[in-house]
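So the structure is just underneath, and the comments pick up after that.
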Amino acid sequence: MKTTMKFAVVVLVALNVTIYSQAAKRSKMPDKQDNTENRLALLKKYTDEVENELYNIELKINKLVYENLLDQASSGNMSIPIFALPTINAYKLYATVPKIGELHKAFIEANDKLGVILKRDPEYAAAREQEKQTGRSDATKGQLRSVYTRLHVDSPDYVVARTERDGALARQNIYITSYLLRYYQDRKMPMPTEGVIRSDARSSCRLMPEYSDLVNSRAVLEFKRLQLRKEYFYIKYGIE
């Protein structure tokens with residue numbers, strides 16, 4: 001009897017140990033829900049990393065496009081239409097950035113000299129008076145273009161004054177563009193391009209190997225981001 005009881009106790013203890021061991025193993029096995037959450041967390045982490053890489057590429061492309069525009073403007077004495085940016089505060093720039101203030105003053109002086117020459121021309125004065133009375137129209141624009149063309153041929157003083165005025169405007173706007181580009185880049189922000197970067201400027205960038213490399217890298221990363229998002233939504237919502 002005692003032997004039978006001892007045997008029963010041993011079996012019971014062994015059984016308890018087995019049950020405990022199996023329970024312990026189950027507790028260490030990863031839960032399916034936990035595994036899914038881990039996968040989703042990893043996918044989000046990888047997507048964020050790709051997003052960050054894409055943002056940095058956009059910054060590099062933005063900088064490259066503007067630097068190309070600045071090179072073109074500097075070599076051709078071309079005025080960049082920087083004031084097309086809706087967020088720019090011209091008067092604040094003139095007042096708070098000494099170099100810009102100096103360049104703007106030089107432009108005003110050159111523009112005033114040109115104005116004196118133009119006002120001496122009767123046809124120019126008549127076209128401007130007509131413009132005051134009727135507003136700017138295709139007719140008054142045509143009259144003024146005709147005056148500028150004639151003066152460009154007949155008046156050396158006008159040619160000199162116009163060249164100086166256009167040069168002063170180009171130098172002012174080139175410097176403002178360069179200043180704003182540094183401002184945006186320092187803050188890790190792309191500088192707005194609407195109204196400033198024209199299609200011909202973008203087309204010339206496409207010939208640059210560095211630009212092509214960045215655009216190709218962007219395309220690869222955008223595809224990678226798409227794949228990560230598809231996998232994320234499939235796991236989370238069952239949506240392909």
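Every value quoted in this text rests on a predicted model; they were computed, and no experiment measured them.
Considering only heavy atoms from C-beta on, N68 comes within 4.5 Å of S204 through its side chain. Residues D121 and R150 have side chains in contact (heavy-atom distance under 4.5 Å, counting atoms from C-beta outward). A heavy-atom distance below 4.5 Å is found between the side chains of L69 and V196. The closest side-chain heavy-atom distance from Y232 to T47 is not below 4.5 Å. For the pair T193 and L85, the minimum side-chain heavy-atom distance is 4.5 Å or more.
Within a 6.0 Å sphere centred on CZ of F83, other residues, nucleotides and ligands contribute more than 12 heavy atoms. Within 6.0 Å of the OH atom in Y183, the count of heavy atoms belonging to other residues, nucleotides or ligands does not exceed 12. More than 12 heavy atoms of other shown residues, nucleotides or ligands fall within 6.0 angstrom of atom OH in Y211.
Under the 4.5 Å side-chain heavy-atom criterion for grouping Ile, Leu, Val, Met, Phe, Trp and Tyr, V220 is not connected to L214 through any hydrophobic cluster. L180 and Y91 fall within the same hydrophobic cluster, defined by Ile, Leu, Val, Met, Phe, Trp and Tyr side-chain heavy atoms under 4.5 Å apart, directly or through other members. F223 is not connected to Y234 by any chain of hydrophobic side-chain contacts under 4.5 Å among Ile, Leu, Val, Met, Phe, Trp and Tyr, and they are in different clusters. Cluster membership for L144 and L169, using ILVMFWY side-chain heavy atoms within less than 4.5 angstrom, is not shared.
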Working for side chain to side chain contact (heavy atoms under 4.5 Å, CB included), residues V153 and V159: CA-CA 8 Å; V153 174; V159 173; over 6 Å; no
Please test D166 against S79 for side chain to side chain contact (heavy atoms under 4.5 Å, CB included), starting from the C-alpha separation and ending with a verdict. CA-CA 7 Å; D166 290 350; S79 177; over 6 Å; no
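Side chain of N173 to backbone of I80: a donor-acceptor contact under 3.5 angstrom is found.
Every side-chain contact (heavy atoms from CB on, under 4.5 Å) that I235 has, sequence neighbours left out, goes to T36, R39, L40, L43, E231. With sequence neighbours left out, the side-chain contact (heavy atoms from CB on, under 4.5 Å) criterion links S155 to L151, D157, Y158. Taking K45 as the reference, E49 meet the salt bridge (Lys or Arg N to Asp or Glu O under 4.0 Å) condition, with sequence neighbours excluded. Partners of T134 by side-chain contact (heavy atoms from CB on, under 4.5 Å), not counting sequence neighbours, listed by chain and number: Q130, T140. Residues meeting the side-chain contact (heavy atoms from CB on, under 4.5 Å) test with K99, sequence neighbours left out: E102, L103, Y175.
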Exercise answer: donor-acceptor pairs, residues 108-118 side-chain atoms, under 3.5 Å, sequence neighbours excluded:
unit_1	atom_1	unit_2	atom_2	d
N111	OD1	R165	NH1	3.0

What side-chain donor-acceptor pairs closer than 3.5 Å can you find for residues 59-67, not counting sequence neighbours?
unit_1	atom_1	unit_2	atom_2	d
N62	OD1	M191	N	2.9
N62	ND2	M191	O	2.8
Y66	OH	P192	O	2.5

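The hydrophobic cluster containing L226, built from Ile/Leu/Val/Met/Phe/Trp/Tyr side-chain heavy atoms closer than 4.5 Å, comprises no other residue.
Considering all non-hydrogen atoms of both residues, P81 and G195 come closest at CG-O, 3.7 Å. Heavy-atom minimum distance, T96 versus P98: O-CD, 3.5 Å. Residues M78 and A170 approach most closely at O-CB, 3.6 Å, considering heavy atoms.
For the salt bridge (Lys or Arg N to Asp or Glu O under 4.0 Å) condition, the pairs that include at least one residue of residues 132-149, sequence neighbours left out, are E131-R136. Among residues at least two apart or in separate chains, salt bridge (Lys or Arg N to Asp or Glu O under 4.0 Å) pairs with a member in residues 212-227 are E51-R225, E58-R218. Identified under the ring-ring contact (aromatic ring centres under 6.0 Å, His included) test for residues 97-121, with sequence neighbours left out: Y94-H104. Legend: salt bridge (Lys or Arg N to Asp or Glu O under 4.0 Å) pairs involving residues 175-202, not counting sequence neighbours: none detected.
Between the CD atom of Q143 and the CZ atom of R128 there is a distance of 11.0 Å, given to the nearest 0.5 Å. To the nearest 0.5 Å, atom CD1 of residue I57 and atom CG of residue L221 are 4.5 Å apart. Between the CD atom of E53 and the OG atom of S217 there is a distance of 9.5 Å, given to the nearest 0.5 Å. The line from CD1 of I176 to CD1 of I82 is 7.5 Å long, rounded to the nearest 0.5 Å.
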